[in-house]
Amino acid sequence: MNAEKKVALTLPDGSVREFNGPVTGMTLANDIGPGLAKAAIIIVVDGEQWDLSREIIKDAHVSIITKRDEEALEILRHDAAHIMAEAVKELYPETQVTIGPAIENGFYYDFARKEPFTPGDLEVIEARMRQIIERDEEIIRSEMPRDEAVEFFKSMGEEYKAEIIASIPDGQPITLYRQGDFIDLCRGPHLPSTKYLGSDTFKLLSIAGAYWRGDSNNEMLQRIYGTVWRDRKELKAYLLRIEEAEKRDHRKLGREMSLFHFQEEAAGMPFWHPNGWTIYTQLEGYVRRKQIEYGYKEINTPKLVDRKLWETSGHWEKFREHMYITESEEQIFALKPMNCPCHVQVFNQGIVSYRDLPLRLAEFGSCHRYEPSGALHGLMRVRSFVQDDGHIFCTKEQITEETEIFCKMLLDIYKDFGFEKVKVKFSDRPDVRAGSDEVWDEAERCLIDAVEHVGLEYSLNPGEGAFYGPKLEFILTDAIGRDWQCGTHQVDFVLPERLDANYIGADNAKHRPVMLHRAILGSFERFIGILIENYAGRFPMWLAPTQVVVTGISSDQDSYVEQVYKKLMEAGLRAEIDLRNEKINYKVREHSHAKVPAIFVAGGREAENNSITVRRLGSKNQETLDLSDAINKLVAESIEPDKQ
RNA sequence: GCCGCUAUAGCUCAGUGGUAGAGCGCACCCUUGGUAAGGGUGAGGCCGAGAGUCCGAUUCUCUCUAGCGGCACCA
């Protein structure tokens with residue numbers, strides 16, 4: 001013992017524990033207390049996560065991580081992936097394992113196997129995982145020289161693993177983890193044994209295809225997704241959360257509320273029903289007013305444009321496979337996939353003076369793009385859509401201010417839908433780009449300055465800018481915590497050049513304007529999809545397709561109900577009348593399911609004294625009001641947020 | 001586009017090698033009922049499209065189309 005070097009470990013509270021020689025995390029935990037030893041899963045040694053069984057041979061700052069710690073979930077999820085791989089290898093030995101990381105809410109593992117996995121297999125695999133957990137297999141770390149490791153996995157028929165090892169840079173140790181008969185290449189760290197993963201804290205969710213190494217040129221593997229939590233309660237809560245999200249699915253609500261539909265003959269192109277179109281036109285009117293407020297001029301440009309323009313703009317070369325092309329009298333046209341070239345055409349009419357800049361042109365531009373069939377997803381990814389598109393033509397000196405104004409406008413609009421939290425991603429120059437470094441330096445600086453001025457925090461997307469300029473992406477968070485990238489703001493030095501846009505400067509010479517491409521909603525289709533899910537179909541009064549339904553208790557009140565309906569319509573409300581021969585219970589139930597925000601009920605009493613009983617969606621309370629008061633209240637509530 | 005699954009009434013779904021069924025919705029009748037389903041009767045289907053096997057296909061096989069879960073894509 002004395003021959004060994006002493007090891008002093010500093011704990012997070014600053015206290016130091018000394019040991020006569022190398023010590024494992026588990027020994028340390030036991031030394032501190034048996035409770036901790038039981039709860040411990042890994043140890044952080046000088047900022048690096050280590051297995052508890054690994055010997056610490058020199059002085060270090062350490063902290064023991066238990067199941068309760070934030071980092072624990074990732075470890076548990078990663079281990080679940082290994083346990084699943086072990087189960088799959090036991091059940092289907094012909095399967096090759098590839099990679100299986102922890103991800104948000106869970107994990108996946110990609111397998112190479114001819115036979116497809118079925119949903120039934122998931123249950124079998126899950127049952128075997130529980131057995132492996134019960135076996136409480138010790139998870140043992142070891143290192144192996146790289147060539148030996150390659151040979152080792154090759155000899156087991158694990159070609160993919162061998163390929164991964166071969167691609168690990170020289171000098172990095174190859175670590176293996178063994179649990180039972182299963183050995184996997186892994187960076188670690190792992191739990192001390194399989195039992196640390198609770199047998200009722202995980203669930204396998206789905207099977208999906210995934211390309212080897214994420215490259216569509218490679219073969220497709222089978223991916224199994226699972227979710228893992230600290231305990232049974234957290235798991236149940238998560239599964240409930242998935243269910244709740246499914247209830248909000250805009251495709252389901254779109255059908256139930258008759259907002260829109262899709263059909264085979266126009267895949268990816270929505271057919272808007274009266275209810276959905278009401279939401280759409282309300283939204284459009286709102287954005288139109290906002291655009292006027294922020295100094296835009298609205299225009300409208302052709303949907304079908306000759307190929308020559310797309311050749312000049314560069315789209316024919318870069319974007320052709322996404323464009324719908326048609327021919328008429330030997331002329332080739334394309335449905336516009338973007339509005340920018342047309343906006344430059346408007347800018348180019350007549351002569352623009354520097355005094356006219358910045359010129360802000362907006363269009364609710366109807367675009368078509370041929371999206372890959374597998375990408376289509378309800379309203380969220382469509383082939384025909386309308387952008388709240390805008391292009392600002394300005395001088396380089398105006399970029400910062402214009403960007404600032406745009407950020408303020410975007411925040412202003414998002415706030416009206418309850419989206420208070422907005423994240424910003426800044427994408428700077430890509431490797432392949434147009435324009436000099438000086439121009440990029442300046443443009444990037446302008447965007448950052450603007451974002452900082454309005455007090456937004458941003459994260460960097462290195463090299464993700466467009467080839468024609470840097471960009472900002474704006475991400476909102478919906479009512480159930482999901483992020484959606486909607487807004488975008490891009491600097492473009494190239495298109496004005498290609499389409500020969502100029503203005504006359506104070507020096508009486510021609511100059512090239514800068515173009516800023518920008519959108520706030522992105523597309524109306526997608527934004528409405530997001531709104532449907534955000535509100536769970538319960539739209540605020542100003543957007544609700546039907547704002548109020550008026551109905552009677554019995555047919556004796558029919559004529560009064562008709563009077564009320566007439567007054568509601570005269571007040572400009574989107575009202576419906578329900579004179580069906582049904583009981584009030586039935587009608588309340590049905591209109592509640594339809595998510596109508598207000599139900600006006602008239603019985604004998606109300607008809608008698610010119611009042612109405614109001615029931616609001618989501619509440620069982622009823623309130624009887626004087627009819628004109630009730631109508632005034634609804635009218636007030638229906639005012640669009642920008643008019644309040 | 002790729003892998004897997006799915007396609008039956010307006011919706012949700014059951015079912016069968018001998019051309020179909022439920023619930024809800026819809027229509028009509030009875031019921032006039034005070035806030036989340038009153039009762040009865042009835043009408044609805046080329047079982048996604050095309051081809052093949054078979055005496056016979058909604059059912060089995062293949063192709064296509066669309067949808068779903070992912071992957072890739074989102075310039």
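What you see is a predicted model, and the numbers here were worked out from it, not measured in a lab. The sequence lines fix the lettering, A, B, ..., with proteins before strands; numbering per chain opens at 1. What you see below is based on every heavy atom in this structure, not just the backbone, and it leaves out hydrogens, waters and symmetry mates.
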J.: Taking only the side-chain heavy atoms of A/Arg605 (C-beta and beyond), determine which of B/G34, B/U32, B/A37 contains the nearest atom.
T.: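 Shortest atom-to-atom distance from the side chain points to B/G34.
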
J.: Phosphate oxygens OP1/OP2 of B/C26: is one of them under 4.0 Å from a side-chain N or O of A/Arg580?
T.: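 A/Arg580 to B/C26 OP1/OP2: side-chain N or O found under 4.0 Å.
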
J.: Between B/A36 and A/Asn585, is there an OP1 or OP2 to side-chain N/O distance shorter than 4.0 Å?
T.: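 Checking A/Asn585 against B/A36: at least one side-chain N or O falls below 4.0 Å of OP1 or OP2.
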
J.: Once you round it to whole Å, what is the distance between C1' of B/G34 and CD1 of A/Ile584?
T.: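 Whole-Å distance recorded here is 7 Å.
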
J.: What is the separation between atom NE2 on A/His261 and atom C1' on B/G10, rounded to the nearest whole Å?
T.: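 So the two atoms are 12 Å apart, to the nearest Å.
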
J.: Any side-chain N or O of A/Tyr370 less than 4.0 Å from the OP1 or OP2 oxygen of B/G1?
T.: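 So the side-chain polar atoms of A/Tyr370 do come within 4.0 Å of the phosphate oxygens OP1 or OP2 of B/G1, strictly under.
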
J.: On a whole-Å scale, what distance lies between the C1' atoms belonging to B/G48 and B/C68?
T.: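 Their C1' atoms lie roughly 15 Å apart.
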
J.: Pull up the glycosidic torsion of B/G69 and say syn or anti, syn being anything within 90° of 0.
T.: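 Base orientation: anti.
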
J.: Who does B/A57 pair with, Watson-Crick or G-U, both distances under 3.5 Å?
T.: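 Per the H-bond distance test, none.
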
J.: Looking only at atom P, what distance separates B/A37 and B/G45, rounded to whole Å?
T.: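 Pairwise P distance, B/A37 against B/G45, rounds to 32 Å.
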
J.: How far does the P atom of B/G17 sit from the matching atom of B/U58, given to the nearest Å?
T.: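 Pairwise P distance, B/G17 against B/U58, rounds to 13 Å.
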
J.: Using the C1' atoms only, state how far B/C62 lies from B/G25, rounded to an integer number of Å.
T.: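 These two C1' atoms come out 38 Å apart once rounded.
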
J.: Which nucleotide, if any, forms a Watson-Crick or G-U wobble pair with B/C74, using both distances under 3.5 Å?
T.: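 In the structure as shown, B/C74 has no Watson-Crick or wobble partner.
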
J.: Would you say the ring centroid of A/Tyr468 lies under 6.0 angstrom from that of A/Phe493?
T.: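 So the answer is no for these two rings.
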
J.: Can you find a donor-acceptor pair, distance only, under 3.5 Å between A/Thr613 side chain and B/G34 base?
T.: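 Such a pair exists between side chain and base.
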
J.: When you measure from the side chain of A/Pro116, which nucleotide among B/G33, B/C73, B/G4 comes out closest?
T.: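 Comparing B/G33, B/C73, B/G4 against the side chain of A/Pro116, the answer is B/G4.
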
J.: Just to confirm, is there a sub-4.0 Å distance from OP1 or OP2 of B/A36 to any side-chain nitrogen or oxygen of A/Arg615?
T.: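 Answer is yes, contact under 4.0 Å.
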
J.: Counting only heavy atoms not in A/Glu608, do more than 12 fall under 6.0 Å of its CD?
T.: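 Counting other residues, nucleotides and ligands, CD of A/Glu608 stays at 12 neighbours or fewer.
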
J.: How close or far is atom C1' of B/G70 from atom CZ of A/Phe111, stated in whole angstroms?
T.: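 Going from A/Phe111 (CZ) to B/G70 (C1'), I get 15 Å.
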
J.: Taking the nucleotide of RNA chain B with the closest heavy atom to each, which residue, A/Val614 or A/Phe117, is nearer the 5' end?
T.: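 Closest to the 5' end, via its nearest nucleotide, is A/Phe117.
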
J.: In this structure, which one of A/Arg482, A/Lys252, A/Arg248 forms a side chain to side chain donor-acceptor pair (under 3.5 Å) with A/Glu533?
T.: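 Passing option: A/Arg482.
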
J.: Remember a base hit wins even if backbone is also touched, and classify A/Glu317 as base, sugar-phosphate or nothing at under 4.0 Å, heavy atoms.
T.: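 Contact class for A/Glu317: none.
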
J.: A/Asp500 vs A/Arg512, test: salt bridge (charged side-chain N to carboxylate O under 4.0 Å, His left out). Steps then yes/no.
T.: CA-CA 8 Å; A/Asp500 195 28; A/Arg512 200 64 83 193; 2.8 Å; yes

J.: For A/Leu204 and B/G69, give me the distance from atom CG to atom C1', rounded to whole Å.
T.: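 About 15 Å, once rounded to whole Å.
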
J.: If I take atom CZ in residue A/Phe107 and atom C1' in nucleotide B/G70, what distance separates them, rounded to the nearest angstrom?
T.: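 Rounded to the whole Å, the gap is 15 Å.
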
J.: Please check the phosphate of B/G67 (OP1 and OP2 only) for any side-chain N or O of A/Arg381 closer than 4.0 Å.
T.: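 For A/Arg381, the contact criterion (side-chain N or O under 4.0 Å from OP1 or OP2 of B/G67) is not met.
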
J.: Where the side chain of A/Glu264 is defined as all heavy atoms beyond and including C-beta, which of B/C2, B/G34, B/A66 is the nearest nucleotide?
T.: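 Closest nucleotide among those given: B/A66.
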
J.: Any side-chain N or O of A/Ser216 under 4.0 Å from OP1/OP2 of B/C71?
T.: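 It does not, given that no N or O in the side chain of A/Ser216 lies less than 4.0 Å from OP1 or OP2 of B/C71.
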
J.: Please state whether the phosphate of B/G25, meaning OP1 or OP2, lies under 4.0 angstrom from any side-chain nitrogen or oxygen of A/Tyr586.
T.: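 Result: yes.
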
J.: Reckon A/Phe262 touches a base, only the sugar-phosphate, or nothing at all at heavy-atom distances under 4.0 Å?
T.: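 A/Phe262: no heavy atom of the nucleic acid under 4.0 Å.
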
J.: Checking base pairs now: Watson-Crick or wobble, both atom distances under 3.5 Å. What partners B/A43?
T.: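 Across all strands, not a single nucleotide pairs with B/A43.
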
J.: Using atom C1' of each nucleotide, how far apart are B/G42 and B/U35 to the nearest Å?
T.: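 Between the two C1' atoms, the distance is 30 Å.
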
J.: Mapping A/Arg251 and A/Glu256 onto RNA chain B by nearest heavy atom, which one lands closer to the 5' end?
T.: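 Its nearest nucleotide lies further toward 5', so the answer is A/Glu256.
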
J.: Can you confirm whether A/Glu123 is buried at CD, in the sense that more than 12 heavy atoms of other residues, nucleotides or ligands lie under 6.0 Å from that atom?
T.: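 For A/Glu123, atom CD is not crowded (no more than 12 foreign heavy atoms under 6.0 Å).
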
J.: Only pairs with both distances under 3.5 Å count, Watson-Crick or wobble alike; so what is the partner of B/C24 in this structure?
T.: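 The answer is B/G10, by the H-bond criterion.
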
J.: Looking only at side-chain atoms of A/Met220, point me to the closest of B/G33, B/C2, B/G1.
T.: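 Closest nucleotide among those given: B/C2.
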
J.: Sort out the partner of B/A49 for me: Watson-Crick or G-U wobble, both distances under 3.5 Å, none otherwise.
T.: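 When the pairing criteria are applied, B/U63 turns out to be the nucleotide that pairs with B/A49.
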
J.: Below 4.0 angstrom from OP1 or OP2 of B/C74, is there any side-chain N or O of A/His377?
T.: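 No, outside the criterion.
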
J.: Let's test your reading of the model: under 3.5 Å, does the base of B/G34 pair with the side chain of A/Glu606 as donor and acceptor?
T.: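 Yes, the side chain and the base share a sub-3.5 Å donor-acceptor pair.
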
J.: When you get a sec, tell me which of B/A36, B/U32, B/U35 is the closest nucleotide to the side chain of A/Gln622?
T.: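 Per side-chain heavy atoms of A/Gln622, the pick is B/U35.
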
J.: Between B/A9 and B/G44, how far apart are the P atoms? Round to whole Å, please.
T.: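 About 15 Å, rounded to a whole number of Å.
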
J.: Please give, in whole Å, the distance from B/A36 P to A/Asn621 CG?
T.: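 Spelled out: CG on A/Asn621 to P on B/A36 is 12 Å.
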
J.: Grab the CG-C1' distance between A/Asp110 and B/G69 for me, whole Å please.
T.: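 So the two atoms are 15 Å apart, to the nearest Å.
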
J.: Touch check for A/Ala210, heavy atoms < 4.0 angstrom, all strands: base, sugar-phosphate only, or nothing?
T.: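 Sugar-phosphate only.
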
J.: Is the distance between the ring centroids of A/Phe107 and A/Tyr225 under 6.0 Å?
T.: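 So the answer is no for these two rings.
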
J.: Taking pairing as Watson-Crick or G-U wobble with both contacts under 3.5 Å, can you name the mate of B/G33, or confirm there isn't one?
T.: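 No nucleotide pairs with B/G33.
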
J.: May I ask you to say what A/Gly552 touches in the nucleic acid, namely base, sugar-phosphate or nothing, with a heavy-atom cut-off under 4.0 Å?
T.: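 A/Gly552: no heavy atom of the nucleic acid under 4.0 Å.
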
J.: With the side chain of A/Tyr225 defined as its heavy atoms from C-beta on, choose the nearest nucleotide among B/G38, B/C71, B/A72.
T.: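 In terms of side-chain proximity for A/Tyr225, the closest of B/G38, B/C71, B/A72 is B/C71.
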
J.: Taking atom CD as the centre, does A/Glu317 end up with more than 12 heavy-atom neighbours from other residues, nucleotides or ligands that are less than 6.0 angstrom away?
T.: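 Count not over threshold, so no.
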
J.: Taking the six-membered ring for Trp and the full ring for Phe, Tyr or His, determine whether the centres of A/His489 and A/His517 are under 6.0 Å apart.
T.: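 So the answer is no for these two rings.
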
J.: Heavy atoms from C-beta onward define the side chain here; which of B/G34, B/G69, B/C11 lies closest to that of A/Arg255?
T.: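 When the side chain of A/Arg255 is considered, B/C11 is the closest of B/G34, B/G69, B/C11.
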
